[in-house]
Structure formats: structure tokens, C-alpha cells
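Structure first, commentary second.
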Amino acid sequence: MAAKAGQSTLNAWKGVGIFLLVYYAASEHVLLQEYGPQVGAYQGLWICSVSILLSGFGMLFNRPTACGAGLIAVSTGHFFWTI
């Protein structure tokens with residue numbers, strides 16, 4: 001049976017979600033190896049890093065609100081940082 005058109009789009013977003021989670025895990029691993037557990041964990045808790053996790057899980061579990069929350073968190077912080 002052929003997959004429905006919406007199903008292939010859903011699978012594509014799940015792939016992006018998995019990529020974001022793997023990217024976060026890899027970058028956190030590098031930070032921990034390079035700077036040690038204290039600084040690495042601190043850098044992993046910046047809102048940009050947390051938003052990657054939020055968006056990844058939102059895409060993986062088909063929760064657009066989580067993706068939107070990550071977008072708003074990052075864009076608000078970066079907007080006020082540039083002012």
C-alpha cells in the first residue's frame with residue numbers, strides 16, 4: 001500500500017527531530033570533553049541548546065507547540081540581545 005501524502009511529511013519531520021537530538025547530544029559530548037563537566041553542562045543549558053532539544057522532541061512526537069516554544073524562546077532572547 002502506498003503511504004498517504006501527509007504520512008511522508010510526518011516521517012520527514014521525525015527525521016529532522018532525530019537529527020536535532022543527535023546534534024545536541026554530539027555537541028554536548030564535545031563540550032563536556034573539551035571544557036569538563038562544570039562548564040560543559042553550563043553551556044548545554046543555554047536557551048539555544050534547550051530549544052534544540054525542545055524542537056527535536058516536538059518534531060519527533062508531532063507536537064508543534066513545543067517547536068513554537070523553542071522558536072519563541074530563542075528569537076525573544078536574541079532580539080533583546082541585539083538591542
Side-chain angles (χ1 to χ4, degrees):
M1 270 186 134
K4 295 180 182 178
Q7 186 67 29
S8 64
T9 304
L10 183 63
N11 287 336
W13 284 118
K14 284 187 177 188
V16 173
I18 290 170
F19 170 77
L20 287 174
L21 294 174
V22 169
Y23 173 80
Y24 177 82
S27 64
E28 188 64 24
H29 174 73
V30 169
L31 286 171
L32 289 170
Q33 292 295 319
E34 186 70 25
Y35 299 109
Q38 292 175 334
V39 175
Y42 168 75
Q43 288 183 356
L45 291 176
W46 281 69
I47 193 68
C48 301
S49 299
V50 173
S51 294
I52 290 174
L53 276 177
L54 196 59
S55 296
F57 280 118
M59 290 179 189
L60 190 61
F61 295 113
N62 195 24
R63 300 285 186 237
T65 306
C67 297
L71 176 69
I72 290 170
V74 169
S75 62
T76 304
H78 283 230
F79 173 75
F80 286 116
W81 190 356
T82 57
I83 290 182

**Prompt:** Would you find a donor on one side and an acceptor on the other, under 3.5 Å apart, between the side chain of Thr76 and the backbone of Ala73?
**Reply:**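 No.
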
**Message:** Just to verify, what does His78 make a ring pair (Phe, Tyr, Trp, His ring centres under 6.0 Å) with, not counting sequence neighbours?
**Reply:**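 Once residues adjacent in sequence are excluded, the partners of His78 under the ring pair (Phe, Tyr, Trp, His ring centres under 6.0 Å) criterion are Trp81.
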
Please report the closest heavy-atom contact between [X] and [Y], naming both atoms and the distance.
| X | Y | value |
| --- | --- | --- |
| Ser55 | Gly70 | OG-CA, 4.3 Å |
| Gly44 | Ser49 | O-CB, 3.2 Å |
| Ser51 | Val74 | OG-CG2, 3.2 Å |

Find out if a path of hydrophobic residues (ILVMFWY) with successive side-chain heavy-atom gaps under 4.5 Å connects [X] to [Y].
| X | Y | answer |
| --- | --- | --- |
| Trp13 | Leu20 | yes |
| Leu21 | Tyr23 | yes |
| Phe79 | Leu71 | no |
| Val22 | Phe61 | yes |
| Ile72 | Ile47 | no |

Quick one: [atom1] on [X] to [atom2] on [Y], what's the gap to the nearest 0.5 Å?
| X | Y | atom1 | atom2 | value |
| --- | --- | --- | --- | --- |
| Leu32 | Ser27 | CG | OG | 9.5 Å |
| Gln38 | Gln43 | CD | CD | 12.5 Å |
| Tyr24 | Cys48 | OH | SG | 11.5 Å |
| Ile52 | Phe57 | CD1 | CZ | 12.5 Å |

**Item:** Side chain proximity check, Cys67 to Met59, heavy atoms < 4.5 angstrom
**Value:**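 Yes, at least one pair of side-chain atoms sits under 4.5 Å.
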
**Prompt:** Under 4.5 Å between any side-chain heavy atoms of Val39 and Leu31, yes or no?
**Reply:**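 They are not in contact (no side-chain heavy atoms under 4.5 Å apart), so the answer is no.
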
